[in-house]
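Taking it in order: structure first as C-alpha cells, then the write-up.
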Amino acid sequence: MATLPIVQYEEKIIETIERNPVVVVIGETGSGKSTQLSQMLYRRGYADSARIVVTQPRRVAAVTVARRVAQELGVQLGEEVGYAIRFEDRTSHRTRIKYLTDGVLLRESLVNPELNEYSVVILDEAHERSLNTDILMGLMKRLAKIRTSNLKVLITSATLDGNKVSNFFRDCPVLTIPGKLYPVEILYSKERPSSYLESSLKTAIDIHVREPEGDVLIFMTGQDDIEKLVSKLEDKVRSLEEGSCMDAIILPLHGSLPPELQVRVFNPPPPSCRRIIVATNIAETSLTVDGVVYVIDSGYVKQRQYNPSTGMYSLDIVQISKVQANQRAGRAGRTRPGKCYRLYPSQVYNDEFLDVTVPEIQRSSLAGSVLYLKSLDLPDIDILKFDFLDPPSSESLQDALKQLYLIDAIDENGAITSIGQKMAELPLEPSLSRTLMEANDYGCIPEALTVAAMLSAETTLLPARSKTEKKRKHPEPNLPDGFGLGDHIQLLQIFECWDQTDYDIGWCKDNGLQVRGMLFVRDVRKQLSQIMQKIAKGPLDIRSSRRRGESRQDYRNLRKALCVGYANQLAERKMHHNGYRTLGFQGQVVQVHPSSVLKADDLGKFPDYVVYHELIATPRPYMRNVCSVEMRWVVPVINKLKTLDVYKLSGGTGPVEEETERNVPDLPKKIVEVTAGVDDSESRIQAARERFLARKGKK
DNA sequence: GAGCACTGC
C-alpha cells in the first residue's frame, strides 16, 4: 500500500486531539482521513474503554470504508471493525471501530442521547452538509460540552468552510491534511455557451480527437439531457473517419438507470478505446469512475428545494458551488494528471458561485427533524433556537410546527404529545407515521404498513423510461388500478399482488417493477412492523390482507387513517372543474399529477376531497400520489386549523416577528430568488425556466 | 396528459 499523506501528520493529529475536545480536520481527496483517523486513535488506546464511531452520509461508503479498515488491521469484518446501516448490523461485542450512516447514529441517539457507548465520534464528509450530519453537528456541540472528560469529536470538512465549522465549535483547532490527487489543469470558457449540450458535445469531441488516451466524464443536469447528448455523441463518433483516432464508447450514468446498466462504468474499456461517460451529479460523490482524465463541467445541477410558505417542492436547475466545482474537477486527477473543462468563465466561478452548497437543512421540510429533536427531550435545548451551523429560517421551523400540530404530534403549546413520541420512533415522514398510529385504532395496520413502505421506495419502483418507451400507452396493463380511489390504494394492491406470488422476482420483472425497489419495500415493511409491535405493546396482526384472504372494496378505514395522517396535505376540489385548492393557511391552486390513477366519476368529476403525498412544481404545481377522502373526515381538520396559533406553538417566548428577524439565515441570493418565484407567481418560474432552456438551445 | 437530481432512517 502506498503511503497516505495523513501518516506523516499522525503525531500532530494525536497531540491536537489530546488537548482539545473538538477538532476540525480538513482532509482533501485522497488524504486517507476516512480510513486512517479511526486507526490512529485505536492505536493510541481511544477504543479501550469505549468505541470509536465514524459516520458517512452514504451506505456504500460506510460498508466499503469499514471493509478496508478491517483488511488493513488484518481482522474479520464484523469483529474489531464493523459497520451498521439500515437493515444490516455487522458489529459484535468485540467491535472497537464502527462505521455507520449518519441516519443510524441519529437513531442510536434516540435510545441513548449521551452516546456513552462511544469515546470518539468522527463526522466524516461533513462538508456535504446532509440534513442528518447537520443535526448531528448541533447535537455534538452540546455533547462535547456535557461529556468534557471522556468524549472526542472530529469533524472533517472542506477547505472553504473549515473556519466556519471551527467558529461554530467555539474556535476549535483546524488541521489541514493534503490530499494525494494529481494536478488537474482547469480550463475556463471565454463566455457562457448558448447551449450546454452543443458546447459539451464539441468539447468532448475535441478531447477525443486531440488529447491522449484517458476517459472523459461530462456532468449534465438530468436524464433528458444525458440521453440527448449520448445520442449526439454516438452520431458524431461514428462519423469520424475510420482510423483517424481511437474508438469510443459512450455511457450514460444517472440514478434511474437500472443497477445492471450503472455498473457498466466500472468495467474497464477494451484496449485503445476511450470511454465518454455522461453523468448527473451521481458521479460527483456517490460513484467514483476509475480512469477519468478529462472532466467537462456544465456548472449546473438539478436541486430539489422546499418552500415553507407554500408547502411545495420544486426541482430547479441551479449553479453549483465552488466546493462542488472543485469536487468535479478532482474526478480528473485520481489516476494521473488531468484536465477539467469548465463551460463557464473564471469570473463566474469567482463572483457568482457560492463557496459551499446550500445545506439540505435549508432546502427541506423540517417536520421530521423537529419532531426528532422534540422527542429527544433535551432539557437545555429549545428547538426554535437550536444551535445549527446554518440555521433554517424561522418560517421553515414554524411551518414544521404547524404540520406537527395538525397531526397531533405536538400540542397547542408546542410540547410533544404521546402520539408524537411514538411517531418519532418510526423511520418515516411524520404524515406516514401518524397514519400508522391512526390505522392502529381503525384495524387497518397491515394495509397502512404496506402503503408507508411502498411510498418509502416509490421512486425506485418503476424503471426509467427512455424516450421510445414513453410512447407506449399502457406500459403495465396487468397492474391493479387502485379501484380509481387513488395512488396509495394502487401501491397497496401492487404489493398485495406480489405478496400473493410469495415475493416472486419474476413477477416484478413481468410487471415492469424494479426488483431492488420491491425487495426494499419488503424490508421496510418488516422493520416498520417490528417497531409497531413494540409500540403497541401487544401482538398485532400485520399480515398483508391478501394473506388473510380478505378483500377490500372501498378501503374506507385506510383512507380515514390517511386523512388523519395527511391533515396538512388536504385539498378541496374547486367548483365546476377538476382543479384543487390546498387546505391550510395559504391555499395553493394545484392539479392532480397526470401519472395518478385517481379516477373521475361518471360525470367527469374528481372527488371533492383528496389527500396528497407531495406538492411538486415542475414548474406547474401538481399533487403527486393522491387518494380520495370524504368530507366528514376532513371537518375535524378544518376545525383544528381554526385553533392554530403559531405564537403559542413556538413556545410563546416572544413576539414572532422578533424571532423572524433574529433567525433569518444567510440564504444565498440564488435560492431566495428561486423560492420567491414559486411563492408568488408561476410566471416567474416559467421565465426562469425559459431562460435556461434558451441557453440550452432548445428554443 | 406531463416528466423525476441525489441521499437516508
Side-chain angles (χ1 to χ4, degrees), chain A residues 55-62 84-89 100-111 125 128-136 219-227 253-257 262 279-287 298 300-305 313-318 320 324 357 359-360 363-364 368-369 371-372 423-430 432-433 452-453 456-467 469-471 473 520 523-524 527-528 530-531 578 591-598 614 616-625 689:
Chain A
T55 67
Q56 294 291 331
R58 280 172 295 281
R59 295 161 57 96
V60 266
I85 57 177
R86 192 181 189 178
F87 309 131
E88 208 183 339
D89 185 351
L100 38 62
T101 45
D102 47 17
V104 170
L105 189 59
L106 281 178
R107 286 287 138 192
E108 290 187 359
S109 310
L110 208 50
V111 184
E125 316 291 358
E128 287 185 27
R129 305 300 304 277
S130 78
L131 179 54
N132 288 340
T133 298
D134 265 23
I135 292 171
L136 281 171
F219 284 100
M220 302 294 289
T221 60
Q223 185 183 344
D224 248 28
D225 286 356
I226 288 174
E227 282 171 7
L253 180 61
H254 52 83
S256 37
L257 214 59
Q262 275 189 22
T280 59
N281 230 22
I282 197 168
E284 197 178 286
T285 49
S286 304
L287 292 180
S298 64
Y300 284 93
V301 66
K302 212 179 265 184
Q303 215 170 54
R304 197 173 131 101
Q305 25 222 10
Y313 279 94
S314 58
L315 206 58
D316 305 301
I317 290 162
V318 299
I320 57 173
Q324 281 181 293
T357 315
E360 205 185 338
R363 295 188 276 119
S364 317
S369 303
L371 180 63
Y372 171 83
M423 284 166 57
E425 287 189 48
L426 289 156
L428 289 172
E429 294 157 53
L432 292 176
S433 52
S456 301
E458 196 246 341
T459 49
T460 57
L461 292 182
L462 297 171
R465 309 246 174 76
S466 69
K467 269 271 147 74
E469 276 177 296
K470 276 179 220 171
K471 290 196 176 133
K473 273 212 169 148
F520 176 77
D523 286 341
V524 173
Q527 185 191 31
L528 297 177
Q530 286 164 350
I531 298 170
N578 278 338
Q591 302 284 329
V592 175
H593 197 278
S595 68
S596 176
V597 294
L598 186 76
E614 160 179 276
I616 179 102
T618 60
R620 272 194 281 277
Y622 284 109
M623 300 183 281
R624 274 188 71 245
N625 288 317
R689 184 161 174 84

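Chain letters run A, B, ... following the sequence lines, proteins first, then strands; residues in each count from 1. Note that this is a predicted model, so its numbers are computed, not measured.
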Open item on the list: Could you check whether any side-chain N or O of Thr357(A) sits under 3.5 Å from a backbone N or O of Pro359(A), counting only pairs where one atom can act as donor and the other as acceptor?
Closed with: no
- [ ] To the nearest Å, give me how far apart CD1 (Ile226(A)) and C1' (dC4(B)) are.
- [x] 12 Å
Open item on the list: How long is the straight-line distance from OG of Ser109(A) back to CD1 of Ile135(A), given to the nearest 0.5 Å?
Closed with: 10.5 Å
Task: Closest listed nucleotide, where the reference is the side chain of Arg59(A) and the choices are dT7(B), dA2(B), dC9(B) - done: dC9(B)
TODO: Looking at every strand, decide which applies to Ser286(A) at a 4.0 Å heavy-atom threshold: base, sugar-phosphate, or nothing.
DONE: sugar-phosphate
Task: Tyr313(A) OH - dC4(B) C1' separation (whole Å) - done: 14 Å
- [ ] Compare the minimum distances between each of dC9(B), dT7(B), dA5(B) and the side chain of Ile282(A), then state the nucleotide with the smallest one.
- [x] dT7(B)
TODO: Under 4.0 Å between any heavy atoms, over every strand shown, what does Arg624(A) touch: base, sugar-phosphate, or nothing? Just pick one.
DONE: base
TODO: From the options dT7(B), dC4(B), dA2(B), select the nucleotide whose nearest atom is closest to the side chain of Tyr622(A).
DONE: dA2(B)
- [ ] Assign Leu106(A) to base, sugar-phosphate, or nothing according to its heavy-atom contacts below 4.0 angstrom with the strands shown.
- [x] nothing
Task: Euclidean distance, atom CZ of residue Arg304(A) to atom P of dG3(B) [Å, nearest integer] - done: 15 Å
Open item on the list: Strictly below 4.0 Å: does Thr280(A) bring a side-chain N or O up to OP1 or OP2 of dC6(B)?
Closed with: yes
TODO: Send over the distance from Arg363(A) CZ to dA5(B) C1', rounded to a whole Å.
DONE: 10 Å
Open item on the list: Side chains of Ser130(A) and Asp102(A) only: does a donor on one sit below 3.5 Å from an acceptor on the other?
Closed with: yes
TODO: Please check if any side-chain donor atom of Ser256(A) sits under 3.5 Å from a side-chain acceptor atom of Gln223(A), or the reverse.
DONE: yes
Task: Length of the CG-P vector between Leu432(A) and dG8(B), whole Å - done: 19 Å
Task: 5′-ward residue of the pair Phe520(A)/Asn281(A) relative to DNA chain B - done: Asn281(A)
Task: Nucleotide nearest Leu315(A) (side chain, heavy atoms from C-beta), chosen from dC9(B), dA5(B), dA2(B) - done: dA5(B)
Task: Rounded distance (Å) that lies between atom P of dC4(B) and atom CG of Asn625(A) - done: 14 Å
Task: Euclidean distance, atom CG of residue Leu528(A) to atom C1' of dC9(B) [Å, nearest integer] - done: 10 Å
Open item on the list: What's Val104(A) touching, base or sugar-phosphate or nothing? Going by heavy atoms closer than 4.0 Å.
Closed with: sugar-phosphate
TODO: Starting from C1' on dC9(B), measure out to CZ on Phe87(A) and report it in whole angstrom.
DONE: 8 Å
Task: Asp316(A) versus Gln305(A), side-chain donor and acceptor atoms under 3.5 Å - done: yes
Open item on the list: Please tell me if Thr618(A) has a side-chain N or O lying less than 4.0 Å from either OP1 or OP2 of dG3(B).
Closed with: yes
